[in-house]
Number of protein chains: 2
Amino acid sequence: MRKPREEMIAETRAKLIAAGRCAFGTVGYAEASMDDFTAEAGLTRGALYHHFGDKKGLLQAVIQQIDAEMTARLHTISAGAPSRWEGFVEECVAYIEMALEPEIQRIMFRDGPAVLGDVSQWPTSNGCIAALSHSIEQLKDDGVMADIDTETAARLINGASSHAALWIAKSETPEETSKRAVRGFRTLLDGLRVKA
Amino acid sequence: MRKPREEMIAETRAKLIAAGRCAFGTVGYAEASMDDFTAEAGLTRGALYHHFGDKKGLLQAVIQQIDAEMTARLHTISAGAPSRWEGFVEECVAYIEMALEPEIQRIMFRDGPAVLGDVSQWPTSNGCIAALSHSIEQLKDDGVMADIDTETAARLINGASSHAALWIAKSETPEETSKRAVRGFRTLLDGLRVKA
DNA sequence: CCACTTACATACGTGGCGTATGTCGAGGAG
DNA sequence: CTCCTCGACATACGCCACGTATGTAAGTGG
């Protein structure tokens, strides 16, 4: 065994992140007891403080992981679309739909911003904003999208998406509400499209 | 003195709400110690639990108060505009700008949703959404706004606004960022306008 | 082979929340 | 006027969670 040491460490970190992610995603950040979910991972709070400094540090790590996954998913979706505009719209819709998943919603859109401030502000873990910005930039180059500041557009869309997701998730009829939201969202985006 | 009793009670409630509002708005909900800010109001946690049940109950009361103030402000703004469309746009811009005030931002857009879930969901304290919806409904009747589900539009705009405000507030150059955001926001809204 | 660091676990103090209990003043019944 | 009740609020207690200080065993460089 060449370097089993570092592997063990990485594994410990991964186990802590996984346990924290699970706890944060289900009972929420504030109600998640560090003693409890570290024990579930077969460890103690000592390990957590050693690797992440404090509870917020673990949350950061969890968010970073989730953000990376979301960014990857968005990328594959936009890449597989027939046109760039289509890809962009599908990306936005996918963003709403991802925000519907309880874990993503809770961690990325509720507890994350509340505990750490505007998550998309730090250089790390703003992959989703960056992905949206990239798409918008391309569309502007293609002359398909109206003249609007790229980052602003990305953030407005991001905000609309996440709130829509919250709305849907809390709705009594998520299915129907989701359809209404996506439909309205398409209309909103269509307003930004340059008409032929 | 006809009913000094009820006045005293109302005053106690008001003092608790004011103290809580101040603490929540500055240090945040989680960091606000009930012992501390009730003492600042010349009371104890006993009074708080008696009137509001628990810490969340006080937060609800605080949110309700702020929401009422915001709704009133939005109403006067939209009422004083030259046209309905102008009034609507100004309302939205005002919404962004209100969300810039630290107290409103912290309580209404960060801690509120995190602690209580989607605030705009409960019947109480959705005054702002209702005000936006009302404006949108009128614009649709006037044939000035594109065919979009009213509530959906209100929520998308609400989401975009609050995220924009977060972005601005955390920016290193809030003044400039604010201009970018408002400009982009106007473009977004313009996309919903029926062209003559 | 030994000193030293690293990766954790254990032990302890503090503080905040919620609840159970106590007290004091205001009104109504007689 | 007196007593009794009830509501408004304070006090007291226990619990739990976080953070830190300390301990320990395993690995690593010289």
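Quick note on labels: first sequence line is chain A, next is B, and so on, each numbered from 1. Just the heavy atoms: all of them, side chains too, but no hydrogens, waters or symmetry mates, feed the values below.
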Sorted by number, the residues of residues 23-36 of chain B with heavy-atom contact under 4.0 Å to DNA chain C: B:Ala32, B:Ser33, B:Met34
Min side-chain heavy-atom separation B:Thr38-B:Tyr49 under 4.5 Å: no
Within the 4.5 Å heavy-atom criterion, are A:Lys170 and A:Thr177 side-chain neighbours or not? no
Can you tell me how far C1' of C:dT21 sits from CZ of B:Arg45, to the nearest Å? 14 Å
Can you measure B:Ile9 atom CD1 to C:dC24 atom C1' for me and round it to whole angstrom units? 14 Å
How many Å lie between CE on A:Met8 and C1' on C:dA7, as a whole number? 11 Å
Atom CZ of B:Arg84 and atom CD1 of B:Ile136: how far apart are they, to the nearest 0.5 Å? 13.5 Å
Tell me: OH of B:Tyr49 to C1' of C:dA20, nearest whole Å? 13 Å
Would A:Thr12 and A:His51 count as having a side-chain donor-acceptor pair, cut-off 3.5 Å? no
Linked, directly or transitively: B:Met70 and B:Leu166 (ILVMFWY side chains, under 4.5 Å): no
Once you round it to whole Å, what is the distance between P of C:dC8 and CG of A:Leu58? 14 Å
So if I take every side-chain heavy atom of A:Asp54 and compare against C:dA9, D:dA10, D:dG19, which nucleotide ends up nearest? D:dG19
As a test of reading the structure: which of C:dC8, D:dA10, D:dA12 is closest to the side chain of A:Leu43, going by heavy atoms? C:dC8
Does A:Thr12 place a side-chain N or O at less than 4.0 Å from the phosphate oxygens OP1/OP2 of C:dC8? yes
Verify the contact: side-chain N or O of B:Lys55 to OP1 or OP2 of C:dG18, cut-off strictly under 4.0 Å; return yes or no. no
With respect to the phosphate group of C:dC8, does any side-chain polar atom (N or O) of A:His50 fall under 4.0 Å of OP1 or OP2? no
